[in-house]
Structure formats: structure tokens, C-alpha cells
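Numbers here are sequence positions counted from 1. Whatever order the structure lists ligands and atoms in, that order sets their numbers, starting from 1.
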Amino acid sequence: SKEISGNSYHFFSSGMDTRTFEIVKFENALYKALDQNELMIYYQPQINYETNTIVGVEALLRWNHPTEGMVSPDEFIPIAEETGLIVPIGEWVLRNACLQIKEWHRKGFPLISVSVNLSVRQFEQDNLFGMVKSILKKTELAPEYLHLEVTENQIIKNSDITLKTMEQLKGLGISIAIDDFGTGYSSLGYLKNFPISTLKIDKSFVQDIIQDEDNAAITNTIITLAQNLHLNVIAEGVETKEQAEFLAARSCYLMQGYYFSRPMKAEDIAELYLSCGV
Ligand code: C2E
Ligand code: CA
Ligand code: CA
Ligand code: CA
């Protein structure tokens with residue numbers, strides 16, 4: 001058996017008992033993380049390739065763990081979702097991302113938007129709409145600068161309540177993007193019913209567009225679908241100039257990826273702007 005007081009976290013041990021035990025330990029650590037300012041938000045620029053400007057940033061959560069170092073959200077978000085901790089964590093991300101963007105607006109930086117990822121558990125919480133509305137009010141960020149990213153699996157999981165909440169959010173002027181588009185298991189029918197403004201092409205398609213004909217075909221299809229439905233389309237995971245050119249040749253100009261910038265600390269984004277003489 002394992003030491004209860006050990007400092008090292010083995011996030012995904014095999015074996016049921018160990019796993020249950022690790023989840024509890026992990027949950028406690030994550031709860032503390034929220035309390036003790038170990039969570040941080042990195043920001044990744046979203047580019048308009050045609051105008052060569054930053055139009056927004058995506059807020060990406062990081063856990064600066066005292067002994068494990070920087071822990072990736074892919075490791076802790078699933079557990080935060082399982083335990084419900086994603087609700088207070090998600091609220092924390094939303095509030096701090098809105099505060100940050102508003103501060104940049106106040107400083108006279110270009111009026112960029114912020115995209116915040118939402119988990120399905122947040123739609124199941126009591127009053128997601130009221131929470132978002134009050135954060136916008138308190139931070140004084142105009143709703144048009146807040147974009148919310150939701151995956152299609154999340155949409156279909158709880159469609160009645162999700163639809164209602166999305167309509168309220170849209171009514172405020174917030175726009176909603178479908179994240180990881182094309183990787184879910186849903187039909188396309190929901191695109192008609194849900195108030196969606198953007199499709200986000202997943203990096204798993206973008207990464208191989210040059211080498212893999214199937215991924216190129218899927219990417220082409222998503223772009224065309226978005227254009228035909230009068231939706232915006234943004235590609236994530238753009239790592240090379242060739243990929244950027246491929247997308248731009250199909251009029252998909254909104255892009256995000258290491259080719260332009262990795263996710264950065266807020267200070268580094270600010271420095272980027274200051275160095276451009278804003
Ligand atoms: P996602 O929303 O699909 O975010 C895109 C992921 O791709 C991010 O990983 C980003 O850092 C990474 N990425 C960006 N450009 C490139 C690139 O050019 N190449 C490659 N290989 N990767 C790139 P990250 O930051 O590790 O986040 C992973 C996932 O965790 C996110 O996937 C999202 O589903 C989730 N997540 C992150 N922050 C939050 C949050 O605040 N709330 C919720 N609910 N989920 C979050
Ligand atoms: Ca996202
Ligand atoms: Ca993705
Ligand atoms: Ca995702």
C-alpha cells in the first residue's frame with residue numbers, strides 16, 4: 001500500500017483501489033490549488049492571417065504544482081470534471097480571464113476577445129447564465145469580447161438545458177464556438193438548433209493536412225460547412241507555414257497554433273504588445 005503523506009502524485013496509477021485512492025488525494029490537492037493560487041491561466045493568441053493581427057486569445061488553464069511542476073489540463077481536468085471541482089475552477093478561470101482582458105482594454109491595447117473553455121458540468125450547475133452575467137458586470141467587460149468554447153459531445157449530453165443556457169448567453173451578446181469540431185459522435189443537426197457562431201477545427205485534423213489526404217478532405221469539408229452555414233471558422237494547432245497557407249487558400253483566416261505563438265503568461269502577452277509600440 002501507499003504512503004498517505006507522500007509528496008509525489010501518480011495521477012493515473014493502474015488498479016482500482018489505487019486509482020480511487022489517488023483520485024481522492026488528487027481532489028484534495030486540486031481543491032487546495034484553487035485556494036492557494038497554484039492555478040494559472042496561459043493565453044494563446046488567435047491570429048487573423050489575412051490582416052496579420054491578433055484578434056483574440058484562448059485562456060488555457062495550468063496547474064503550477066508545488067512538487068510536480070506545471071501539470072497539463074489534460075491530466076487534471078478529467079478529474080476536476082469527475083469530482084465537480086470544475087465548477088468552482090471554471091468560474092475562477094472565467095472571472096480571471098475577463099479581468100485580464102478588461103485590464104488590457106483599459107491599458108489601450110487592441111480590443112481583443114478571450115475564448116474560455118466550458119465543461120458540461122458547468123451547464124449542469126445551478127445558474128451558469130447568472131454566473132457569467134455577473135462576472136461580466138463586475139469586470140465591466142463587454143459581452144462581445146467573451147467567446148465560450150464548448151465541445152459537441154457536451155452539447156448533446158444535456159441538450160435541453162444546454163440549449164436554453166446558450167440562448168441566454170447569446171442574448172447577452174456572447175458568442176459560442178464548437179471546440180474540437182468533427183471529433184465528436186453527434187449528427188450535424190444540432191448546428192441548426194444551437195446558437196453557434198464559430199466552428200473550431202481540431203488540431204488532430206490540422207496537423208496532417210499537408211501529408212494526409214483524409215485530414216485535408218475533412219478540413220476542407222469543415223471550412224465549407226462553416227462557410228455555407230455562415231459561421232466563423234478557426235483552425236487550432238497550426239504549426240507550419242504550409243498549414244497556414246493551406247487554410248488561407250480556403251479562406252480560413254482565423255488560426256491558432258505554435259507557428260504563431262505558444263500559450264503564454266499574461267505578462268508575456270502584454271510585453272508583446274508593448275514591444276509593438278501599442
Ligand atoms: P483545447 O481546448 O482543444 O485546447 C487546445 C490545446 O492545444 C491546448 O492544450 C493548447 O496548448 C494546444 N495547442 C495549441 N497550439 C498547438 C499547436 O500548434 N500544436 C500542438 N500540438 N498543440 C497546440 P492545453 O493547454 O494542454 O489544454 C488541453 C485541453 O484542456 C484543452 O483542449 C481543453 O479541452 C482543456 N482545457 C484547458 N483549459 C481549460 C479550462 O479552463 N476549462 C476547461 N473546461 N477545459 C480546459
Ligand atoms: Ca478550446
Ligand atoms: Ca482541440
Ligand atoms: Ca478539448
Please give the atom name: the N, O or S atom of [X] nearest to the Ca ion (ligand 3).
X: Glu236; result: OE2
X: Asp180; result: OD1
X: Asp202; result: OD1

Exercise for the section: Using distance alone, decide if ligand 1 has a nitrogen or oxygen within less than 3.5 Å of any nitrogen or oxygen in Leu118. Expected result: no
Exercise for the section: Say whether Lys203, considering both its backbone and side-chain N or O atoms, lies within less than 3.5 Å of an N or O atom on ligand 1. Expected result: yes
Can you find a heavy atom in the side chain of [X] that is under 4.5 Å from one in the side chain of [Y]?
X: Glu236; Y: Gln44; result: no
X: Arg62; Y: Pro263; result: yes
X: Phe181; Y: Leu225; result: yes
X: Ile135; Y: Leu146; result: no
X: Ile269; Y: Gln100; result: no
X: Leu172; Y: Phe129; result: yes
X: Thr162; Y: Tyr190; result: no

Problem - Backbone or side-chain N/O/S of Asn117 under 3.0 Å of the Ca ion (ligand 2) - result: yes
Exercise for the section: Check whether any N, O or S atom of Asp179, backbone or side chain, sits closer than 3.0 Å to the Ca ion (ligand 2). Expected result: yes
Exercise for the section: Using a strict cut-off of less than 4.0 Å between a Lys/Arg side-chain nitrogen and an Asp/Glu carboxylate oxygen, indicate whether Arg121 and Glu124 qualify as a salt bridge. Expected result: yes
Problem - Aromatic ring pairing Trp104/Phe109, orientation class (parallel under 30°, perpendicular over 60°, tilted between) - result: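 Geometry flag for Phe109 against Trp104: parallel rings.
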Taking a cutoff of less than 4.0 Å between a non-hydrogen atom of the residue and any ligand atom, is [X] in contact with ligand 1?
X: Lys200; value: no
X: Gln256; value: no
X: Gly237; value: yes

Going by the order shown, which atoms of ligand 1 are within less than 4.0 Å of some heavy atom of [X]?
X: Asp180; result: 3 (O)
X: Asp74; result: 28 (C), 29 (C), 30 (O)
X: Glu239; result: 17 (C), 18 (O), 19 (N), 20 (C), 21 (N)
X: Pro263; result: 11 (O)
X: Val93; result: 41 (O)
X: Pro73; result: 24 (P), 25 (O), 26 (O), 27 (O), 28 (C), 30 (O), 37 (C)
X: Gly257; result: 15 (N), 18 (O)
X: Gln207; result: 19 (N), 20 (C), 21 (N)

Handout entry: Side chains of Glu58 and Asn117, donor plus acceptor under 3.5 Å
Key =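 Yes, a side-chain donor-acceptor pair sits under 3.5 Å.
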Handout entry: Asn153-Thr151 side chain donor-acceptor pair, cut-off 3.5 Å
Key =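 Asn153 vs Thr151: no donor-acceptor pair found between side chains.
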Handout entry: Which atom of Glu58 approaches the Ca ion (ligand 2) most closely (N/O/S)
Key =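 Considering only N, O and S atoms, Glu58 comes nearest to the Ca ion (ligand 2) through OE2.
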Handout entry: Name of the Glu149 atom (N/O/S only) found closest to the Ca ion (ligand 2)
Key =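 The atom in question is OE1.
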Fill in the blank from the handout: Heavy-atom proximity to atom 14 (C) of ligand 1 ranks first, among Gln44, Glu149, Arg262, for Gln44
Exercise for the section: Measure from atom 46 (C) of ligand 1 to every heavy atom in Thr183, Leu39, Ile77, Leu61 and give the option owning the shortest one. Expected result: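 It is Ile77 that holds the nearest heavy atom.
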Practice task
Decide ring pair (Phe, Tyr, Trp, His ring centres under 6.0 Å) for Phe76 and His65; before the verdict, give the C-alpha distance in whole Å, the side-chain angles of both, and the deciding distance to 0.1 Å.
Solution key: CA-CA 11 Å; Phe76 66 90; His65 190 285; 10.0 Å; no
Problem - Mode of Ile89 contact toward ligand 1 - side chain, backbone, both, neither (heavy atoms, under 4.0 Å) - result: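 Near ligand 1, Ile89 shows nothing, with every heavy atom at 4.0 Å or more.
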Handout entry: Short side-chain to backbone donor-acceptor contact, Gln46 and Leu254, under 3.5 Å
Key =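 Answer holds: no.
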Problem - Partners meeting side-chain hydrogen bond (donor to acceptor under 3.5 Å, both in side chains) with Ser197 (sequence neighbours left out) - result: none
